[in-house]
Amino acid sequence: MIDFQLLKTEEGLNRVLKSLARRGDTSAAAELKTVAEKRSATIREVEALANERNVQSKKLGELKAQGKEAEFDALRETMKTVADRLKVLKEQEAKVEENFLHVLARVPNLLDDKVPDGKDEHANVVVRKEGEIPQFAFDVKPHYEVAEAQGLVDFERGVKISGARFYVYNERIARLERRLANYMLDKHAAAGYSERMVPLVVKDECMFGTGQFPKFADEYYRMEKDGLSLIPTGEVPLTNIYADEILSETELPISLMAFTPCFRREAGSAGKDTRGLVRVHQFYKVELVKFVRPEDSEREWLRLTADAENILKGLGLTYRVVALCSGDMGFTSSITYDLEIWMPGLKRWLEISSCSNFKDFQARRAKIRYKNAAGKNEYLHTINGSGVAAGRLVAALLEYHQTADGNIDWAAIEKKLA
RNA sequence: GGAGCGGUGGCUGAGUGGUCGAAAGCGGCAGUUUGCUAAACUGUUGUACUAGGUAACUGGUACCGAGGGUUCGAAUCCCUCCUGCUCCGCCA
């Protein structure tokens, strides 16, 4: 959530509007100012009347104590009408507040000045490339063709059990993904991340806290009966670990990680990447999350990105770091670098990690603060990124380690993981 | 799932209709004393919103698990929900 105090000044409002314009999302722009003003005005009115009631109620207490029955009765009669009016006003206030939150909760984060301008992903900027595009003496097949031919992934039975975009891993590939999880976790542990095992099913407040709700509710699996959602990313439970808490400055930065399954409905992706392991309803990944002081967030964001890159480097995968442009940025993020690996079989770049600095946007929603050096409670900054998506990593390794006869060079993969 | 008892400030814990943002203790912070530490003593110590002020701050509103209700007035009375503990049942 953006700081709504910004809406109260001309300067702040302009900052918000400018950011919205850069994102190409001006849906809420017109309402913002009026909705904020209406809220302030209504609150002022209610508070004035509540003050009146409190003063007179106190007086009633005194009158009663003094035994002045006639005055007591007279005042009580007039206060009845005040109480009635206050009740009506408070109901109005609740509606105004609800509307205010409805609008505010759908306003995306302010963009960092360093985010390049652009309409969509074509305007994203490649920051750097690591490794060469690998050359093969034969035509490299997409991972799903090899996987199916080798009996590694059973897409048909995945569909039978759960529907499209579900799959069953057989034997070696199941073991590979499990080993990759260990590989990544061990590497990140050495870099200072503390491991967590978290709930995979979360309350609506958590989904709101990290920004999935309310605007994108359709994209997630939610169990109506329980009011709980399957996590779309480990970011949700991991970040909400500190929801509603005030941390001390000395504990920061906090770096956490978790290996979790992720569940996504992929609404609106019908017909896109229908084959293979690239776009599925359930996949596993390691998530990295940092809680940091505002002054450290840029540095820590770059570090987290480097930590994610370290996995790709270690496995010898060719990748590039891409700065998302203003029009391609996620709702909650202030600035994002995507890591895209080259897929020799698919013959394209594939996102395998997205490292974002959310600044205080999530912290404000989830109410995560820390006591700063001046002794004031302040929203901290959250940063997260995949470190990295395991399913896509498996897909990549299958493509990188194909042999001319359509096999997989398992020995080469083993060697990397050793 | 059944029965019983609870949920109050950073923590422990008092408060059962008005003077309660809430006793007391612990902890934290500042100071006095002290060669240093400790101890003792004194003061101070919640959050959000709102109005004013460059600001330190000052006034107001709200918050005693959450949401409703009764009342001129609710931490206190009523209802619903959530949650913790103990016992029983069930279960990996």
Side-chain angles (χ1 to χ4, degrees), chain A residues 1-13 32-105 197 199-209 223-229 240-252 360-380:
Chain A
M1 205 124 73
I2 61 164
D3 178 4
F4 74 87
Q5 302 289 358
L6 284 170
L7 306 177
K8 289 185 172 177
T9 65
E10 198 69 18
E11 190 195 348
L13 185 66
L32 273 179
K33 194 180 175 189
T34 54
V35 126
E37 277 170 359
K38 175 127 200 222
R39 172 174 178 272
S40 293
T42 311
I43 287 175
R44 243 174 292 153
E45 206 179 342
V46 167
E47 289 192 351
L49 195 61
N51 179 235
E52 164 80 6
R53 180 208 55 196
N54 290 345
V55 168
Q56 298 302 334
S57 288
K58 195 164 277 187
K59 194 169 173 190
L60 272 169
E62 287 164 16
L63 289 175
K64 190 162 200 184
Q66 293 163 5
K68 297 179 179 170
E69 292 296 331
E71 283 179 57
F72 179 89
D73 288 340
L75 185 54
R76 195 178 63 178
E77 282 310 307
T78 65
M79 287 318 288
K80 272 184 184 168
T81 65
V82 170
D84 288 345
R85 199 153 56 107
L86 186 60
K87 193 177 173 185
V88 173
L89 266 181
K90 275 189 169 172
E91 277 162 14
Q92 261 179 43
E93 186 200 18
K95 275 184 204 149
V96 168
E97 184 76 34
E98 192 188 329
N99 186 242
F100 175 70
L101 272 177
H102 179 91
V103 172
L104 196 70
M197 260 196 201
L200 306 176
V201 161
V202 297
K203 297 179 184 177
D204 291 345
E205 297 97 277
C206 295
M207 294 290 274
F208 180 85
M223 291 164 282
E224 182 62 37
K225 198 173 177 183
D226 303 290
L228 296 168
S229 299
N240 278 287
I241 281 177
Y242 293 113
D244 288 310
E245 294 193 25
I246 300 172
L247 306 173
S248 75
E249 190 176 25
T250 51
E251 5 181 11
L252 303 180
D360 61 4
F361 190 84
Q362 290 184 326
R364 187 168 265 115
R365 288 180 158 243
K367 298 189 183 65
I368 310 174
R369 292 172 293 175
Y370 79 105
K371 207 173 269 297
N372 67 21
K376 295 269 185 217
N377 296 330
E378 186 182 7
Y379 290 109
L380 46 71

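A, B, ... follow the sequence lines: proteins, then strands. Residue 1 opens every chain.
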What is the distance, rounded to the nearest whole Å, between atom [atom1] of [X] and atom [atom2] of [N]?
{"X": "A:Lys203", "N": "B:C81", "atom1": "NZ", "atom2": "P", "answer": "17 Å"}
{"X": "A:Leu101", "N": "B:C49", "atom1": "CG", "atom2": "P", "answer": "12 Å"}
{"X": "A:Leu86", "N": "B:U70", "atom1": "CG", "atom2": "C1'", "answer": "16 Å"}
{"X": "A:Glu97", "N": "B:U50", "atom1": "CD", "atom2": "C1'", "answer": "12 Å"}
{"X": "A:Glu69", "N": "B:C72", "atom1": "CD", "atom2": "P", "answer": "15 Å"}
{"X": "A:Lys80", "N": "B:U71", "atom1": "NZ", "atom2": "P", "answer": "8 Å"}
{"X": "A:Met79", "N": "B:A74", "atom1": "CE", "atom2": "P", "answer": "11 Å"}

Just by distance, do the side chain of [X] and the backbone of [Y] share a donor-acceptor pair under 3.5 Å?
{"X": "A:Asp3", "Y": "A:Gln5", "value": "yes"}
{"X": "A:Asn377", "Y": "A:Arg369", "value": "no"}
{"X": "A:Glu378", "Y": "A:Asn372", "value": "no"}

Hey, are A:Glu77 and A:Lys80 close enough for a salt bridge, meaning a charged N less than 4.0 Å from a carboxylate O?
yes

Are the side chains of A:Thr9 and A:Leu13 in contact, using a 4.5 Å heavy-atom criterion?
no

Could you check whether atom CD of A:Glu98 has more than 12 heavy atoms from other residues, nucleotides or ligands sitting under 6.0 Å from it?
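Open.
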
Heteroatom pairs (N/O) under 3.5 angstrom, protein to nucleotides 46-48 of chain B:
from, atom 1, to, atom 2, distance (Å)
B:U47, OP1, A:Asn377, ND2, 3.2
B:U47, O3', A:Arg369, NH1, 3.0
B:A48, OP1, A:Arg369, NH1, 2.9

Would you please name every residue forming a side chain to side chain contact (heavy atoms under 4.5 Å, CB included) with A:Asn54, sequence neighbours left out?
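Side chain to side chain contact (heavy atoms under 4.5 Å, CB included) list for A:Asn54, sorted by chain: empty.
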
Classify every nucleotide of nucleotides 16-22 of chain B by which part a protein heavy atom approaches to under 4.0 Å, writing B for the base, S for the sugar-phosphate alone and - for neither, in 5'-to-3' order.
--B----

Just by protein heavy atoms under 4.0 Å, how would nucleotides 52-62 of chain B read 5' to 3' in B, S and -?
--------BBS

Kindly express the pairing pattern of RNA chain B in dot-bracket notation, using | wherever a base pairs with another strand and counting only Watson-Crick or G-U pairs under 3.5 Å.
((((((((.[[[..)..(.....]]]((((((.......))))))(((((((....))))))).[[[[[..)....]]]]])))))))....

Salt bridge (Lys or Arg N to Asp or Glu O under 4.0 Å) pairs, two or more places apart, involving residues 33-54 of chain A
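Found A:Arg39-A:Glu97.
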
Residue A:Lys87, side-chain heavy atoms: nucleotide from B:C72, B:G69, B:U50 that is nearest:
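Of B:C72, B:G69, B:U50, B:G69 is nearest to the side chain of A:Lys87.
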
